[in-house]
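Before any comments, here is the structure.
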There are 2 protein chains.
Amino acid sequence: MKFEAATIKDIAKALGLSTSTVSRALRDSYEISPETKKLVLEYAEKINYHPNPIALSLKERRSRTIGVIVCEIANSFFSQVINGIESIAYNNGYNVIIAQSRESFDREMLNLQYLTSRSIDGLIISVSTETTDISYLKDLNKKGMPIVFFDRIVSDIDTHKVIVDNYTGAYNATSHLIKSGYRNIAAISNPEMLSISKERLAGYRKALADNGIEVDESLLKYCKHGGMINDEVNTVLRELLSRKNKPDAIFTTADKLTTGCLRILKENGLSVPGDIGLLGFSNNDLTELFDPALSVIKQPAFEMGEIATGYLLQLIESKHPVTDFETKVLPTELFIRNSTRRKD
Amino acid sequence: MKFEAATIKDIAKALGLSTSTVSRALRDSYEISPETKKLVLEYAEKINYHPNPIALSLKERRSRTIGVIVCEIANSFFSQVINGIESIAYNNGYNVIIAQSRESFDREMLNLQYLTSRSIDGLIISVSTETTDISYLKDLNKKGMPIVFFDRIVSDIDTHKVIVDNYTGAYNATSHLIKSGYRNIAAISNPEMLSISKERLAGYRKALADNGIEVDESLLKYCKHGGMINDEVNTVLRELLSRKNKPDAIFTTADKLTTGCLRILKENGLSVPGDIGLLGFSNNDLTELFDPALSVIKQPAFEMGEIATGYLLQLIESKHPVTDFETKVLPTELFIRNSTRRKD
DNA sequence: TTTTTTTACGCAATCGTTCCCGTAGAAAGT
DNA sequence: ACTTTCTACGGGAACGATTGCGTAAAAAAA
């Protein structure tokens, strides 16, 4: 079963013209007489002719397609970013192919190879929690593949990047916790190698230090798979809650960790914020409906996608190799709700 | 700035062979001597050769790409379906292009034209709330484009379909509301033209009837844009709540409507289930964290994606035109939580 | 009338790959 | 020694569209 589209040849044959003439007529070339143009255009319309983009891609050696790799589209943050990406891409006649790494380096590599072999013109990526070996990305970039990083960036590759001010976001969030009376604040984070983890934990540390609270490293927990595996959040929470000086609040650095934490705290019969405060990064639109309504740090996800795509198209369409790269840093927004409202 | 990949010609030139020989060596043809094969394979590996899929697509007149149109990927149900689609597609060497209609018929048409002009081999679609004119889809199907519908199907086009038993799902949900003591049960739904709306409302009606409750048509409200516009949920809720005999429970037939309802009820200071019960279709994984934990009807979204893709690949790869079509009907699952737990 | 210019088209190469043919040269059969 | 059969490879068309170049015929200029 195959879908056969009309080609320029069909038009040429039907009208007794050459394919060149038809092609030129369709593109409104000055060398074609008005009558012929009219003839061709009308017939093309009649048989519903559309140029074959694959043939065009082959000829022009560009696919007008950009690849996007995120860990998962079911994550609100990433789906919002993707919406931003698509809005700009489609407006510029570009197509978007989305691939999910699911926080696995192997899957990320597979997707990367798949996308590049599919002749994408450029790549927008937020790396997985497992990604430490960036040689493939580096090679790709060196060979001329335009790449833009967002959110989870890698510092070693020189290209455009779009992030938020993770440090300040985490600093303000932690400060808010302290101001609310919490002292023994644990942090649950993605692996430390991740750029966002580093920055967010740095902000957390600084806020504690600025308020005269010593950083207790044993209150810092990492989830290797970014909470993709529910059990790992469970494990670190059990560790934290079995301490003699239990934390009175938890700061989480990722969406999945934030909601995962709340789920497990509730499953364990702990009341939030009664027994323990909770605040974390999350772009989920429904956190205000939670019990308790969650205090969260939000990123301007849609805008990040827009900016990243703007950067990428700039790289793709630049005639000369670009050597001057920008890193756009956007502000985060802190939403204070019940999960950090201490009853005292 | 352009990314130039190695071609078969590069190999041919470097080794003093013809492109035909290289091509055959790479495909392990019997007409090529073992020594030549080894030579070619090693060199190809060395320069990291990958066949250009665009050239292949042009030659084979298939893109190994399937198009997916949903209303939005940020919706849990659809992102889960997409995960199911991708898992099967990738395992079979197919690529997936996702497009969002955002409940707009115009956008759906644009995406449809875009995808077909991008030479997709097949299409998986759940139509928008606005879609009534299906002539384009019909034409496409007639011309040989393999199409599989899921969730929001159209009865007029004969092809494979994947749905859930919406009728029974809604029947059981409504029965549960009645058993819980609710009598004056309103329903908020997507437009009636949508297959799922029809079926779900039919289940709702039958459950009322079977329990001796007369269906009050004025308790049935429709949201034209499926809750994409927050205001429309607001409007219908205001209408319902300003009645003299207010509904004591609400049954919603779509994810966005369910969460939207809860948000507005809370904004209006109404307690759920104290003042009003709430139960609806939703595939959101976080509804149990809500205040109150939401009673929901879930669809086996991932499985639906898998099955739809299986059907589509079957259509694409079938040598002969397929005339015998299946409609797979999967069961829904009812989760009873606090939003329907009447305090009495 | 002859030459030049313009108009309006066709031919053929190109993109990367596959595949149907054709064919040297070696091996095998007579 | 001569014919036949393999073996191992090359030539070239094809997929659909674009585009530089060449060119008849018509129009304009000489």
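Chain naming here is simple, since letters A, B, ... match the order of the sequence lines and numbering starts at 1 in each.
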> Given the rule in the ring-ring contact (aromatic ring centres under 6.0 Å, His included) test, do B:Tyr311 and B:Phe325 qualify, once you have shown the distances and angles that lead to the verdict?
Replying inline: CA-CA 9 Å; B:Tyr311 278 155; B:Phe325 297 108; 9.6 Å; no
> Are A:Glu42 and A:Lys38 close enough, and set up right, to give a salt bridge (charged side-chain N to carboxylate O under 4.0 Å, His left out), and what steps lead you there?
Replying inline: CA-CA 6 Å; A:Glu42 276 173 0; A:Lys38 187 156 171 282; 3.5 Å; yes
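One can place CD1 of B:Ile11 at 8 Å from P of C:dT17, the figure rounded to the nearest angstrom. Between the CG atom of A:Leu39 and the P atom of C:dC9 there is a distance of 10 Å, rounded to whole Å. The interatomic distance linking A:Leu17 (CG) with D:dA17 (P) rounds to 15 Å, in whole Å. Summarising the geometry, the separation between CD1 on A:Ile8 and C1' on D:dT19 is reported as 12 Å, rounded to the nearest angstrom. Rounded to an integer number of Å, the gap from CG of A:Leu15 to P of C:dC9 is 12 Å. Here C:dC15 presents its P atom at 11 Å from CG of B:Asp10, a figure rounded to the nearest Å. Atom NZ in A:Lys9 sits about 13 Å away from atom P in C:dC11, given to the nearest Å.
Among pairs with a residue in residues 79-89 of chain B, those fulfilling side chain to side chain donor-acceptor pair (under 3.5 Å) read A:Gln100-B:Asn83, A:Gln100-B:Glu86, A:Arg102-B:Asn83, B:Gln80-B:Asn283, at least two apart in sequence or across chains. Residue pairs satisfying the salt bridge (charged side-chain N to carboxylate O under 4.0 Å, His left out) criterion with at least one member in residues 306-315 of chain B, sequence neighbours excluded, are absent.
Close to C:dT14, at under 4.0 Å from its OP1 or OP2, lies no side-chain N or O of A:Arg61. Between B:Ser20 and the phosphate of C:dT18, there is no side-chain N or O to OP1/OP2 separation shorter than 4.0 Å.
Within 6.0 Å of the NZ atom in A:Lys328, the count of heavy atoms belonging to other residues, nucleotides or ligands does not exceed 12.
A donor-acceptor distance shorter than 3.5 angstrom exists from the side chain of B:Glu108 to the backbone of B:Ser128, with no hydrogens or angles considered.
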Compile the donor-acceptor pairs under 3.5 Å between side chains in residues 70-78 of chain A and protein atoms, sequence neighbours left out, one pair per line.
residue : atom : partner  : partner atom : Å
A:Glu72 : OE2  : A:Lys256 : NZ           : 2.3
A:Asn75 : OD1  : A:Phe77  : N            : 2.9

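Proximity of residues 21-35 of chain B to DNA chain D (heavy atom under 4.0 angstrom from any strand atom) is restricted to B:Thr21, B:Arg24, B:Glu31, B:Ile32, B:Ser33. Listed by residue number, the members of residues 48-58 of chain B with any heavy atom below 4.0 angstrom from DNA chain C are B:Tyr49, B:His50, B:Pro51, B:Asn52, B:Ala55, B:Leu56.
Among the heavy atoms of the strands lying under 4.0 Å from A:Thr7 are primed sugar atoms or P, OP1, OP2 only; no base atom is included.
The distance between the ring centers of B:Tyr49 and B:Tyr43 does not fall below 6.0 angstrom.
Applying the salt bridge (charged side-chain N to carboxylate O under 4.0 Å, His left out) rule to B:Glu103 yields the partners B:Arg152; only residues at least two apart in sequence or on another chain are considered.
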